[in-house]
Amino acid sequence: MIAFVSGPVAALAPTTAVVEVGGVGMAVQCTPGTLAGLRVGQEARLATSLVVREDSLTLYGFADDDERQIFELLQTASGVGPRLAQAMLAVHSPDALRVAVSTGDEKALTAVPGIGKKGAQKLLLELKDRLGEPVATVGWQGVGSAVTASWSDQLHAALIGLGYATREADDAVALVTPQAEAALAEGAQPPVPRLLRAALQSLNRTR
């Protein structure tokens with residue numbers, strides 16, 4: 001298993017980072033939050049999990065070992081593959097997922113694209129006692145507030161990391177702000193991955 005990759009970032013895309021390791025470009029699937037912390041040409045170290053299929057080898061990358069561990073634990077639940085596990089980490093931090101599971105918070109799980117109410121109920125039952133206790137000392141409200149407050153910063157940083165100018169990133173964030181505010185009005189966290197896709201679509205139309 002490839003536990004981590006380390007080297008200069010050669011390229012960034014909406015869902016992928018290419019890290020040069022010993023002269024070889026390793027394509028790593030990452031969440032928008034992880035991609036936001038990377039810059040082309042700068043050194044990076046990503047914890048990784050290799051998913052082997054009959055017709056593919058896919059490397060998933062994470063900001064730290066805790067994210068990777070949660071990614072792998074989520075897949076112990078029936079019906080959860082690597083893509084859904086990564087989607088869950090794109091919406092929630094590892095601690096937010098731990099708290100959601102330990103408190104039986106269906107709403108937090110249904111905020112993830114692809115998870116409905118019945119799916120959330122099933123996941124809460126299967127994942128109970130598997131994810132462990134939250135690492136941070138903050139409570140659920142503290143975790144939720146931190147994520148909510150930073151959605152625009154995450155999105156802006158991701159766009160800059162993908163090579164867009166500051167003004168373009170500012171305009172794109174402004175365009176998707178109504179979607180984020182609608183999520184907040186419903187008591188949900190703004191879905192950063194979905195907002196990033198919408199922002200990229202708006203930027204592609206204006207170029």
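The model shown is predicted, which means the values in this text are computed figures rather than measured ones. Below, each value reflects all heavy atoms present in this structure, side chains not excepted, and no hydrogens, waters or symmetry copies.
Between Q42 and V9, every side-chain heavy-atom pair lies at or beyond the 4.5 Å cut-off. Between S56 and V51, the closest side-chain pair of non-hydrogen atoms is not below 4.5 Å. Using a 4.5 Å cut-off on side-chain heavy atoms (C-beta onward), L84 and I115 make contact. D105 places none of its side-chain heavy atoms less than 4.5 Å from the side chain of L109. Side-chain contact between L127 and L97: absent, with no pair of heavy atoms (C-beta onward) separated by less than 4.5 Å.
Each salt bridge (Lys or Arg N to Asp or Glu O under 4.0 Å) pair with one or both residues in residues 109-120, not counting sequence neighbours, would appear here, but there are none. Sorted by first and then second residue, the side-chain hydrogen bond (donor to acceptor under 3.5 Å, both in side chains) pairs involving residues 67-87 (not counting sequence neighbours) are S49-E72, D65-R68, T76-R130, S78-K122, S78-E126. Note on residues 7-49: no pairs pass ring-ring contact (aromatic ring centres under 6.0 Å, His included), not counting sequence neighbours.
Side-chain heavy atoms closer than 4.5 Å link hydrophobic residues (I, L, V, M, F, W, Y) into clusters, and following such links, possibly through other members, connects L38 to I2. Grouping the Ile, Leu, Val, Met, Phe, Trp and Tyr side chains by contacts below 4.5 angstrom, directly or via other members, places L125 apart from V101. When hydrophobic clusters are built by joining Ile, Leu, Val, Met, Phe, Trp and Tyr residues whose side-chain heavy atoms come closer than 4.5 Å, directly or via intermediates, F71 is not grouped with F4.
Put simply, the side chain of R45 never gets that close to the backbone of S6: no donor and acceptor are under 3.5 Å apart.
In terms of heavy-atom proximity, H92 sits nearest to A96 at CB-CB, 4.0 Å. Among all heavy-atom pairs drawn from I70 and P94, the shortest one is CG1-CB, 3.7 Å. Taking all atoms of both residues into account, the shortest heavy-atom contact from P82 to R53 is CD-NH2, 3.3 Å. Minimum interatomic distance between T48 and G61 (heavy atoms only, all atoms of both residues): CG2-CA, 4.2 Å. Closest approach of V91 and P113 over heavy atoms only: CG2-CD, 4.1 Å.
Residues passing the side chain to side chain donor-acceptor pair (under 3.5 Å) test with E181, sequence neighbours excluded: none.
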Show every donor-acceptor pair shorter than 3.5 Å between a side-chain atom in residues 17-31 and any protein atom, with sequence neighbours excluded, or say none if there are none.
from: Q29; atom 1: NE2; to: T16; atom 2: OG1; distance (Å): 3.2
from: T31; atom 1: OG1; to: T34; atom 2: N; distance (Å): 3.3
from: T31; atom 1: OG1; to: T34; atom 2: OG1; distance (Å): 3.2

Without placing hydrogens or testing angles, list every side-chain donor-acceptor pair under 3.5 Å for residues 169-180, not counting sequence neighbours.
from: D170; atom 1: OD1; to: H156; atom 2: NE2; distance (Å): 2.7
from: T177; atom 1: OG1; to: V173; atom 2: O; distance (Å): 2.7

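Once rounded to the nearest 0.5 Å, the distance linking OG1 of T15 with OH of Y60 reads 9.5 Å.
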